[in-house]
Every structure is written in structure tokens, then in C-alpha cells.
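Below you'll find the structure, written out as C-alpha cells, and then a few comments.
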Amino acid sequence: MTNAIHPARVRFAPSPTGRLHIGGARTALYNYLLAKQTGGQFILRLEDTDSKRLDPAAEGEIYDSLKWLGLTWDEGPMIGGEYGPYRQSERKQIYNELIQELIERGHAYYCFCSQERLVKLRQEQKKRKEPPHYDGLCRKLPNEEAESWVQGGESHVVRFKTPKEGTTTAIDLLRDPIQVQNNTLDDFILIKSDGMPVYHFAAIADDHLMQITHVFRGSEWLPTFPLHVLIYQAFEWQQPVWAHLSVLLNPTGKGKLSKRYAADPKKGAKSVYVLDLQEMGYLPQAVNNWMALMGWSYDDHSELFAMPELIKAFSLEKLHPSPAAVNFSKLDHFNGLYLRNLSILELTERIQPYFEKAGYNADSESLLPIAALVQKRIRTLADAVEIAGFFFEESINPPPVDLIGKGMTAVESALAAEMAHKRIGLLDLAEHDAVETDLRKLAEELSLKAGQLFGILRLAITGQKVSPPLIATMAIVGKSLVLSRISEAIQKLKQLDHSK
RNA sequence: GCCCCCAUCGUCUAGGGGACUAGGACGUAGGCCUUUCAAGCCUGAAACGGGGGUUCGAAUCCCCCUGGGGGCACCA
């Protein structure tokens with residue numbers, strides 16, 4: 001594999017305008033994988049050149065999300081690096097120098113057109129059914145004149161002087177070469193009137209300056225890809241390897257993965273935000289594994305890749321260009337797999353915060369045997385509370401009718417419960433096999449199926465129709481509580497009969 | 001409207017001219033196991049969007065159509 005030979009310098013360059021979602025995280029993951037695989041560097045860069053859209057909370061959440069996923073960066077904010085600063089807002093001077101060079105080279109020019117004129121221009125073009133574009137008015141301005149206006153403090157932007165003739169070929173790793181006629185390209189803005197660069201310029205400048213070797217980014221950049229190539233050519237810089245990743249679609253396959261799904265977790269659609277996934281009880285390795293497989297595959301049957309395997313197995317050649325609808329039930333599946341791979345001790349530690357959050361006083365000692373019982377029954381850490389919360393409940397209050405055994409009357413159920421109460425009183429609940437043998441014998445004596453008896457006891461003891469295995473559950477609940485709950489159940493069953 | 005990209009089961013995908021009666025996974029249906037629910041195991045249903053070419057031969061190559069997605073900002 002060619003990419004294994006040279007260490008790759010790759011970057012994840014989010015804009016701190018919102019929370020990190022799985023689309024961005026998956027891009028970060030691929031970058032990380034390539035860096036680790038090749039012994040290169042994974043760089044984090046903040047593209048914060050639009051002050052209007054900045055979200056003060058976003059930066060921190062990006063850090064937290066990446067750290068939770070284990071995608072730690074080798075250079076970037078907080079930790080620095082040789083190629084800093086890693087916030088674009090702090091690199092204004094660098095861009096200014098570069099833009100001067102571009103103007104001198106004759107590839108960029110000052111533009112003094114007002115926003116109003118531009119808006120009007122576009123409206124007219126639209127009316128004429130032309131694609132909106134800058135008409136090049138200021139392109140014709142003599143350099144000296146423009147220069148003096150700038151000196152005079154005239155508000156201005158800097159535009160790229162897009163070639164009017166010829167074609168530009170952009171090479172993307174995942175697709176055929178993309179060829180466009182230069183005359184269909186706009187004289188796009190490089191530097192805004194506030195002096196800040198626009199993405200098209202800042203990203204390219206930084207990728208070059210930071211010696212980025214491979215650029216992974218969303219395919220929403222495909223239409224402007226040739227523009228970026230043109231900037232490289234104007235500077236006579238060497239381009240990185242480009243790979244435009246498939247977009248992630250909503251679970252329905254309709255439309256780009258949207259915030260609406262994030263805010264609307266109904267119908268199996270979970271949140272698209274990384275930190276929400278953490279809170280819901282997903283494991284980072286499951287999320288990584290899941291994300292990696294949207295747009296990348298290894299072969300025709302391997303799917304389970306923990307991070308070390310992912311780093312080994314990842315390859316640019318197997319990246320897939322077509323859009324992918326996210327499938328949250330597959331995330332559940334992976335999470336279940338990783339959950340079952342955890343040691344009981346680790347599972348205990350992981351589920352403990354969820355019990356605490358639910359208001360249960362669950363220390364790890366008491367949680368340990370419970371963890372063992374729920375491990376095969378949960379798909380998220382939060383599920384553990386749902387299925388085993390009753391262990392920490394003072395009183396469980398099953399609806400009396402639920403206590404009636406399958407195909408039985410309340411009287412029969414009460415009788416069975418009474419008999420069971422007597423037997424259990426004589427048993428050592430720690431002896432699982434003996435308890436089971438005895439209760440089965442009792443069922444037989446009562447002419448009941450084991451399931452009928454167990455069902456009554458299950459409801460009586462756990463308050464749930466679905467629970468971990470009864471015998472083991474009883475051992476954890478403890479004899480005295482088991483007996484008192486069965487007694488309560490007997491009372492309820494009797495009342496049920498009387499009220500009839 | 002214009003530009004760009006994409007196209008295999010419901011979903012994620014393997015496939016890069018003959019090994020394809022198209023493989024795997026999720027989900028789904030049925031079964032086994034079973035004290036419930038899971039887990040596990042077994043079995044099944046389920047796809048090459050359409051039309052033209054090229055070729056002895058096409059899921060694989062080319063063209064058109066259709067469908068889907070993305071983009072057309074002093075946002076990224």
C-alpha cells in the first residue's frame with residue numbers, strides 16, 4: 001500500500017460553529033487512522049474565520065468528543081506544535097502575506113463592489129437564468145489605482161483571478177478526474193472585507209503551510225474543488241492527495257444527515273451528536289467501528305474492528321464514494337458486541353454512572369453480580385438501568401393482575417406463591433442449582449409448568465415481566481426481601497380475588 | 001435554472017469481463033435452546049434502476065435516460 005510507506009500528515013479542521021456530529025467525527029476518524037497507520041501526525045485545526053457563526057461552546061465540545069472517541073491529536077490547539085497557531089483566527093498575518101504574493105503574481109485582485117451591487121447582480125442573473133457569478137468589474141481595475149484605494153481605507157475584498165480559458169482537472173482519489181471549464185468558475189472571494197480569509201483560501205494556505213499530505217473532507221466540497229486546485233497552481237504548490245468522503249444521509253436515506261434527526265430521536269433515530277451517543281450509553285469503540293464502516297469496508301465479511309485493528313486494516317483504496325444512510329440499529333448491534341466483550345469488572349464501572357444518574361445508590365460491589373446478569377441483555381449502558389434498576393428499588397409495585405400466573409386464577413396463583421414462600425424459606429439462595437431443582441419440583445407438585453411458577457415469582461420479586469434469570473436474581477435480592485415481596489404479592493392476589 | 005458527484009437486498013457493503021444459481025453484516029421471518037427477556041446456533045425471504053451499445057461473454061467497460069445526493073454566499 002502506497003500510503004504505508006510515508007508518514008502522513010493529516011488534519012481534521014472543523015469549524016467551531018456547532019456540536020460535533022458523526023459526519024465530522026467519521027472524517028476525523030479516517031484522518032486519525034491514516035496518521036496512526038503510517039506513523040504520521042494527526043492535526044487538529046480550528047477553522048474559525050467566521051466570527052458571526054462562532055459558537056462559544058463548540059470548541060470545547062469538539063475537544064471532548066474527539067477525546068472520548070480516542071482521536072487524540074498530535075498537533076493543534078491546547079498542545080501546540082511546530083506549525084501553529086492552529087486557530088485560523090490567529091493566522092491573519094500569515095494569510096495577508098500570502099495574499100500579497102498572490103496579487104503580485106497576478107492571480108488575485110482587490111474588489112470594491114458593495115454587497116448591494118452583488119445582490120442586485122445576482123438577482124439580475126437569476127432573472128436571465130444565468131448561474132450567479134461575479135461579473136468581474138473590479139478585475140479590470142489598474143493595480144495602482146486599486147492599491148491607492150486600499151491605502152485610502154476603502155472597504156474591499158480580495159478575489160481570485162480565475163482563468164477565463166482552459167480547463168482545470170482535479171484529481172480525487174475516489175473518483176475519475178474531475179474536469180471543469182474555467183469559464184464556468186467564479187472569481188470567488190479570498191479575503192473578506194473584515195480582513196479574514198474565506199475557507200477556500202485559509203484551508204488551502206494552511207494545508208500547504210502545515211505540510212498536509214492527505215485531505216479528507218466531505219463531498220460538499222466537490223463543486224469548489226477545482227477552485228482549490230487553481231489556488232495550488234497559482235502558488236505553484238504541490239497538492240496533497242484528495243479524498244472527498246461520501247456524505248452521510250438520514251436513516252431514511254432522504255437528505256443529508258440533519259439536525260432535525262438529532263433533535264428528534266423517535267423511530268429509532270438516535271442523536272447525531274457524538275456526546276449524545278456517549279450519554280446514551282454507547283461505547284467509543286462501537287461508535288468508531290460503526291462510523292468506519294460507513295463509506296469504507298475491508299473485505300466481503302469482516303466487520304468487527306476495534307481501534308488497533310482499524311488502524312491496521314484501514315486503506316484509502318477501500319473508501320467508497322457513494323452516499324451512506326446511517327443505520328442506528330447497526331450501532332446498537334456493534335455496541336452489544338463490544339459490551340459483551342467487556343470484563344464484568346469493566347462493565348460494572350461503565351454502568352455505575354448510569355445507575356447513579358437514575359438516583360440509585362449503586363456501589364460497584366453490589367453492582368458487580370448484577371453486571372454479570374445484564375451483560376447479554378443490554379445494547380447500551382443505559383439499558384442496564386432499565387432492566388436491573390429494580391435491584392435498588394425500595395419497593396416494587398407490580399400491577400396486581402400481572403401477578404396472576406399464565407393460564408391461572410388469582411387464587412391458584414396465591415396458593416402457588418404461598419407454597420413457594422414456604423420452600424424458599426428453607427433454601428440457601430446461593431445454591432442456585434438446588435434452588436432451581438426444588439422450585440421445579442414444587443411446580444410439579446402443584447401441577448404447574450415451571451414457567452408458570454417462575455412467572456409469578458418473577459413479577460413478585462422484580463415487578464417486571466422481563467428480568468434477568470430468576471434464580472440468580474433471587475440470590476442477589478436476598479432471602480428476606482424475596483420473602484417479603486412474595487408475601488406482598490400473596491396479599492395482592494388475595495385482595496384481587498376478594499374484590500371480584 | 002446551472003454545475004458537480006453517486007447508483008448491488010429495506011440499510012451498510014463485497015464484487016473491478018467468465019470463479020455470480022451475486023457473498024457478508026444489520027434489520028426482518030421461522031426454528032432450536034429456554035423460567036421471562038436476551039445471548040448463542042440453524043434456516044428462509046430479500047438486490048445488480050431502465051434502455052442502448054462493446055464483447056464469444058457484463059453487476060463489472062462506454063453512452064443515454066431515470067433516480068438520489070451535493071453545490072451555486074464577504075458560511076464552512
Side-chain angles (χ1 to χ4, degrees), chain A residues 13-17 47-50 52-53 111 113 115 118-119 122 125-126 128-133 155-159 170 172 174-176 178 180-181 184-186 188-194 196-200 202-203 217-226 244 246-247 249 251-256 268 290 293-304 318 320-334 336 340 374-379 383 387 406 436 439-440 443 449-459 462 464-471:
Chain A
S15 178
T17 53
E47 312 227 320
D48 56 349
T49 54
D50 185 1
K52 292 186 287 293
R53 295 205 316 151
C111 173
C113 292
Q115 303 249 26
L118 263 22
V119 169
R122 276 196 287 270
Q125 288 164 340
K126 208 168 177 182
R128 274 179 273 136
K129 295 199 170 177
E130 283 173 27
H133 65 281
S155 176
H156 64 277
V157 300
V158 178
R159 284 181 185 275
D172 177 274
L174 316 186
R175 316 157 218 267
D176 291 336
I178 297 162
V180 293
Q181 303 286 325
T184 66
L185 268 20
D186 204 1
F188 58 104
I189 288 171
L190 261 16
I191 303 282
K192 299 182 271 186
S193 55
D194 66 359
M196 279 299 223
V198 112
Y199 170 88
H200 303 301
R217 38 142 59 162
S219 65
E220 64 265 25
W221 295 114
L222 237 25
T224 46
F225 184 17
H244 291 84
S246 59
V247 275
L249 270 27
T252 53
K254 286 279 174 195
K256 190 158 88 158
W290 174 63
L293 259 16
M294 291 189 271
W296 175 83
S297 63
Y298 181 71
D299 58 17
D300 64 345
H301 64 278
S302 314
E303 288 211 316
L304 198 60
K318 303 290 277 183
H320 194 91
S322 55
V326 297
N327 183 346
F328 285 100
S329 61
K330 195 145 188 176
L331 205 214
D332 283 340
H333 170 251
F334 278 124
R340 272 171 257 133
V374 300
Q375 187 165 36
K376 285 182 183 144
R377 285 160 239 275
I378 57 176
R379 314 205 92 184
D383 286 347
I387 186 171
K406 202 175 175 188
E436 179 163 357
L439 288 180
R440 281 181 186 282
K449 287 188 173 166
Q452 291 177 296
L453 211 216
F454 284 46
I456 294 167
L457 297 178
R458 165 169 291 109
L459 253 302
T462 70
Q464 301 172 178
K465 289 182 178 174
V466 170
S467 82
L470 184 64
I471 312 296

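Within every chain, numbering begins at 1; the chains are lettered A, B, ... in the order of the sequence lines, protein sequences first and strands thereafter.
Of the candidate nucleotides G15(B), C6(B), C4(B), C4(B) has the atom nearest to the side chain of V180(A). Nearest nucleotide to the V466(A) side chain, out of C5(B), U36(B), C12(B): U36(B).
Counting distance only, with no hydrogens placed and no angle test, the side-chain atoms of R175(A) and the base atoms of C5(B) include no donor-acceptor pair under 3.5 Å.
Using a cutoff of 4.0 Å between basic side-chain nitrogens and carboxylate oxygens, K330(A) and E303(A) are scored as salt-bridged.
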> For every nucleotide of nucleotides 71-76 of chain B, 5' to 3': is a protein heavy atom under 4.0 Å from its base (B), only from its sugar-phosphate (S), or from neither (-)?
Replying inline: SSSBBB
> Going 5' to 3' along nucleotides 25-34 of chain B, which nucleotides have protein heavy atoms under 4.0 Å from the base (write B), which only from the sugar-phosphate (write S), and which from neither (write -)?
Replying inline: BBS-------
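Side-chain atoms of I387(A) and S467(A), non-hydrogen and from C-beta on, never get closer than 4.5 Å to each other. Proximity of F225(A) to H244(A): side-chain heavy atoms (C-beta onward) are separated by under 4.5 Å at one or more points. In this structure, the side chains of Y199(A) and D50(A) stay at 4.5 Å or more apart for every pair of heavy atoms.
When heavy atoms are screened at a 4.0 angstrom cut-off, R458(A) is found touching base atoms of the nucleic acid. Nucleic acid contact class of P226(A) (heavy atoms, under 4.0 Å, all strands): none. Backbone-only engagement by P323(A) is indicated by non-hydrogen atom pairs under 4.0 Å involving sugar-phosphate atoms exclusively.
F328(A) and W290(A) have tilted rings, their planes meeting at an angle from 30° to 60° on a 0 to 90° scale.
The 12-atom threshold is exceeded at CZ of F188(A), counting heavy atoms of other residues, nucleotides or ligands nearer than 6.0 Å.
Across the protein-nucleic acid pair, F454(A) atom CZ and C37(B) atom P stand 14 Å apart, rounded to whole Å. Spacing between atom CG of L249(A) and atom P of G10(B) amounts to 16 Å, rounded to whole angstrom units. Here the P atom of nucleotide A38(B) and the CD atom of Q464(A) are 14 Å apart, to the nearest Å. Rounding to whole angstrom units, CG of residue D332(A) and P of A39(B) are separated by 11 Å. Rounded to whole Å, the distance from CZ on R217(A) to P on G70(B) is 17 Å.
Pairing of G1(B), defined by two Watson-Crick or G-U wobble distances under 3.5 Å, is identified with C72(B).
Residue K318(A) places at least one side-chain N or O closer than 4.0 Å to OP1 or OP2 of G15(B).
Position along RNA chain B of the nearest nucleotide to A325(A) versus L222(A) favours L222(A) as the more 5'-ward residue. Residue order along RNA chain B, read from the 5' end via each residue's closest nucleotide, puts E130(A) first among E130(A) and S219(A).
No side-chain donor-acceptor contact under 3.5 Å links D186(A) to the backbone of H133(A).
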